[in-house]
Amino acid sequence: MAGFRRSSTPRLLYSFYASSLSRSTLSSSPSPATALLLGNFHLRYSSSAARVKEDKEPWWKESMEKLRNIGISAHIDSGKTTLTERVLYYTGRIHEIHEVRGKDGVGAKMDSMDLEREKGITIQSAATYCTWNGYQVNIIDTPGHVDFTIEVERALRVLDGAILVLCSVGGVQSQSITVDRQMRRYEVPRLAFINKLDRMGADPWKVLNQARSKLRHHSAAVQVPIGLEEEFKGLIDLVQLKALYFHGSNGEKVTTEEVPADMEALVTEKRRELIEMVSEVDDKLAEAFLSDEPISPADLEAAVRRATVARKFIPVFMGSAFKNKGVQPLLNGVLSYLPCPIEVSNYALDQTKNEEKIMLNGTPDGRLVALAFKLEEGRFGQLTYLRIYEGVIKRGEFIVNVNTGKKIKVPRLVRMHSDEMEDIQEAHAGQIVAVFGVDCASGDTFTDGSVKYTMTSMNVPEPVMSLAVQPVSKDSGGQFSKALNRFQKEDPTFRVGLDPESGQTIISGMGELHLDIYVERIKREYKVDATVGKPRVNFRETVTQRAEFDYLHKKQTGGQGQYGRVCGYIEPLPQGSPTKFEFENIIVGQAIPSNFIPAIEKGFREAANSGSLIGHPVENLRVVLTDGAAHAVDSSELAFKLASIYAFRQCYAAARPVILEPVMLVEVKVPTEFQGTVGGDINKRKGVIVGNDQDGDDSIITANVPLNNMFGYSTSLRSMTQGKGEFTMEYKEHLPVSNDVQMKLVSNYKGSKPAE
C-alpha cells in the first residue's frame with residue numbers, strides 16, 4: 001500500500017495544481033512563477049516515473065542480452081563433437097580433453113551413451129550450459145546422421161542461432177545440405193565454421209565457394225588462415241585486423257599480433273570482399289562504403305551482426321578443433337554475431353482461436369510458455385528438457401500441459417551438462433532447463449494455465465522402414481515393452497505396432513541405421529536380447545479412378561437383426577492435398593439418421609487401413625456418401641460400420657488400385673573411376689539418376705531409388721568401390737510401382753496368407 005501511495009503522490013499534487021490554476025486564471029495564461037512551479041513539478045514527476053521504469057527494466061534485460069542458445073550441426077565426421085569438447089574445455093566446464101574415438105577409452109563428454117562412444121557418432125542432442133566472457137551459452141550438440149534428423153529438427157526448433165561446421169577437405173556434403181535446409185525452415189541465423197584446416201588437402205576458399213553455390217549462402221570469410229595443412233599456425237581477424245596465435249599444451253593461450261607483412265595484400269583483398277558482401281545487405285554500411293569512408297572495426301562488427309541476425313549474411317570462421325586452433329575466436333563470434341533470445345521472434349498458436357499465430361514477446365514479464373523438446377529416461381525417472389519462450393518457471397509451482405490439459409507441479413528444476421546436472425530454483429525466458437517427474441511427450445507445450453498456446457507442431461516425417469522384433473526369452477517381455485514405450489516417447493519418428501496376422505511386434509523408423517541403433521539400445525540398456533526379422537518396406541496403396549458403391553448389409557438372427565445400406569463413391573484425392581483420407585456426407589434429408597454417420601466414417605477408415613492388394617494402408621482416398629437406407633428397429637452403429645467395410649471392399653477393385661512404394665533420394669560419392677559401375681548398379685536397382693556432379697577426383701551421383709531395392713546397399717557399394725564410396729539417403733515421396741512389381745507383390749501377399 002505504501003508503494004502505491006508513494007508513486008501516486010506526484011500525480012495527485014499535479015492534478016491539484018492544475019485544477020487550482022485553471023480555476024484561478026480561467027482563460028488567461030498562468031503567471032511565470034506558476035509556470036516555473038508547474039514545469040519543475042512536471043520535470044520531477046516525469047523523472048521519478050522514468051526512475052521507476054528504470055528500476056523495473058534491468059533485472060532481466062541484462063541477463064537476456066548475455067544469453068545465447070546455439071546448436072552445432074554438420075555432416076558426419078566434420079568434427080562437431082570435437083569442437084563442442086574444445087568449447088567446453090576453454091569455458092572451464094571440463095578440465096581435460098578426450099577425443100571422440102580416443103585411445104584412453106573415455107570418449108568425448110557430449111557422447112554420454114556407451115553406444116555413441118563405441119561407434120564414434122553422436123545420437124542424442126545433449127544440452128550443455130557454459131559461460132564465456134560473462135555470457136551464458138547453451139549448446140545443443142546435434143547428430144549428423146540422416147537417420148536422426150528428428151533430433152536435429154527438435155534442437156533447431158529451440159535455438160536462437162547455430163554453427164554450421166564444414167570440413168575443409170570434404171567441403172559441403174549431402175548432410176550439410178540437409179542440415180542447412182532445416183536451419184532455413186526454422187529461420188535460424190547461423191555462422192559457418194570451416195574445420196580441419198590442418199588436414200592434407202585443406203582448401204577453405206574452395207569450401208566457401210561451395211557454400212555459396214550449393215547452399216546459396218550469402219557469405220564471406222571474417223578470418224584468413226596463416227598457412228594451411230601442416231603449416232597452419234594461426235588466423236587473421238579481418239574485422240579487427242589482428243593476427244591470432246594459439247599457444248599452450250591445449251591452445252588455451254591466445255596471443256594477438258600485427259598482421260604479417262607478407263599477407264597484407266591478401267588480407268586487404270579479403271577484408272574488402274567482406275565489406276562488399278555485407279554492404280549488399282546492410283544499408284548503413286553500404287553508405288559508408290560507397291562514400292569511401294574508412295570503416296572502423298566497430299562499424300563493421302555492428303553491420304555483420306545486423307546482417308547475420310536478419311539472416312541475410314553468414315560470417316565464415318576457420319580453424320582446427322582437433323589442433324586447438326580457432327575455437328576461442330569462434331566463441332567470440334557467437335557472442336558478437338548471433339542473436340540473444342529477445343532479438344528472435346517466436347510464434348505460438350492460440351488453441352482457443354483456431355490456431356491463430358500469436359507473437360511471443362520473449363521476456364520474463366509475460367505469461368509462462370515453455371516447450372518440451374526432448375525426453376530422456378534418467379536415473380531418477382523421466383527427464384524433460386524445456387526451452388522457456390516467455391515468463392518464469394519456479395520450482396514447486398504448478399504448470400499446465402496444454403496438449404493433455406493436465407496440471408503438474410514442478411518438483412525439481414535442473415540445468416544440464418551432458419548427463420550431469422545442477423539444481424536451480426527458477427529459470428526465465430530464453431533459458432534451457434530440465435525438469436524431473438513430469439509426464440509428457442516430446443513437443444508438448446507448458447503454460448501457467450492463463451493461456452492456451454502451443455508452440456508450432458514440428459514436422460514429423462512418416463517412417464519408411466519396418467522390422468519385426470521379438471525378445472529371445474519369454475521372461476524379458478516386460479523389460480522389452482518398457483524399452484519400446486520409452487523410445488516411442490523420446491522419438492516421434494520411431495513407431496511400434498503389432499502385425500495382426502503373425503502377432504509379431506513391428507518397429508518402424510527412418511532407415512536401417514535408425515532401427516539397428518534401437519535394437520542395440522534394447523540390448524544395452526535393458527539387457528534384452530532380441531531377434532530381428534527381415535526389414536520390410538512400408539508400402540501404401542491408393543486408387544486411381546472413381547468407383548461407385550451400393551451395399552446392403554442385412555442379417556436376421558433371433559431377436560434384433562442388423563440392417564444398413566450405404567451408397568456413394570470413392571475417388572482419389574487431388575495431388576498435394578494435406579490429408580490422406582477424406583470423408584464427405586452429401587445425403588439430403590434423413591435417408592440415414594445422422595447419429596449413424598460417424599459409424600459409417602469409422603467403418604471406411606478401418607477398411608482403408610488395409611487394402612486388398614497387399615494389406616497395406618490406403619492413402620489419398622476420398623469417400624463420398626450420397627444415399628442409403630435404415631431400418632427403424634434393426635439399424636445400429638455396428639450394422640452401418642460393417643456395411644461400409646464391405647462396401648469399400650466391394651468397390652475397391654473397380655477403382656483400379658495401385659501400390660505406392662517409398663522412393664529415397666540417394667546421394668553417392670565415389671572416385672570417378674567407379675562412376676560407370678555405380679551408375680549401372682543404380683539403374684539395376686530401378687533408380688533414376690537425376691544429377692551427376694564432379695568434385696575434384698570424386699563423382700557425386702544423385703538418384704531417386706525405391707527403398708525396397710536399397711537393402712544391403714552399403715555392403716555392395718563398398719565392394720564396388722574398394723571401400724572408397726559413401727552414400728546417404730533420405731525419404732523423398734511415395735510413388736506407384738511398375739506393373740510387374742505390383743503383380744509380384746500381390747502374388748507374394750496372396751501366397752503368404754494361407755500359410756499363416
For H734, the ring pair (Phe, Tyr, Trp, His ring centres under 6.0 Å) test, sequence neighbours excluded, returns Y731

The ring pair (Phe, Tyr, Trp, His ring centres under 6.0 Å) partners of F487 (sequence neighbours excluded) come to Y518

Carefully, step by step, assess K253 and F246 under the rule side-chain contact (heavy atoms from CB on, under 4.5 Å).
-> CA-CA 6 Å; K253 295 188 184 75; F246 305 88; over 6 Å; no

By side chain to side chain donor-acceptor pair (under 3.5 Å), N538 pairs with (sequence neighbours left out) S466

Please check if atom CD in E733 has more than 12 non-hydrogen atoms from other residues, nucleotides or ligands closer than 6.0 Å.
-> yes

The salt bridge (charged side-chain N to carboxylate O under 4.0 Å, His left out) partners of E264 (sequence neighbours excluded) come to none

Side chains of E252 and Q328: any donor to acceptor distance under 3.5 Å? no

Sorted by chain and residue number, the salt bridge (charged side-chain N to carboxylate O under 4.0 Å, His left out) partners of R68 (sequence neighbours excluded) come out as none

Separation between CG (L164) and CG (L191), nearest 0.5 Å, reads 9.5 Å

Residue set satisfying side chain to side chain donor-acceptor pair (under 3.5 Å) with E673, at least two apart, ordered chain then number -> none

Inset, instruction - Check whether any side-chain heavy atom of N692 lies under 4.5 Å from a side-chain heavy atom of I700, and answer yes or no. - result: no

Between the OG atom in S320 and the NZ atom in K196, the distance rounded to the nearest 0.5 Å is 9.0 Å

D282 meets the side chain to side chain donor-acceptor pair (under 3.5 Å) criterion, sequence neighbours left out, with R306

Sequence neighbours excluded, the answer for salt bridge (charged side-chain N to carboxylate O under 4.0 Å, His left out) partners of E258 is K242

Residues at least two apart in sequence or cross-chain that pass side-chain contact (heavy atoms from CB on, under 4.5 Å) with D681, listed by chain then number, are K684, R685, Y713, M720

Review item, side-chain donor-acceptor pairs of residues 199-209, under 3.5 Å, at least two apart:
residue : atom : partner : partner atom : Å
D203    : OD1  : W205    : N            : 3.3
D203    : OD1  : K206    : N            : 3.2
K206    : NZ   : V169    : O            : 3.2
N209    : ND2  : W205    : O            : 3.3

Hits for ring pair (Phe, Tyr, Trp, His ring centres under 6.0 Å) against Y135, two or more places apart or cross-chain, chain-then-number order -> none

Hits for side chain to side chain donor-acceptor pair (under 3.5 Å) against E229, two or more places apart or cross-chain, chain-then-number order -> none

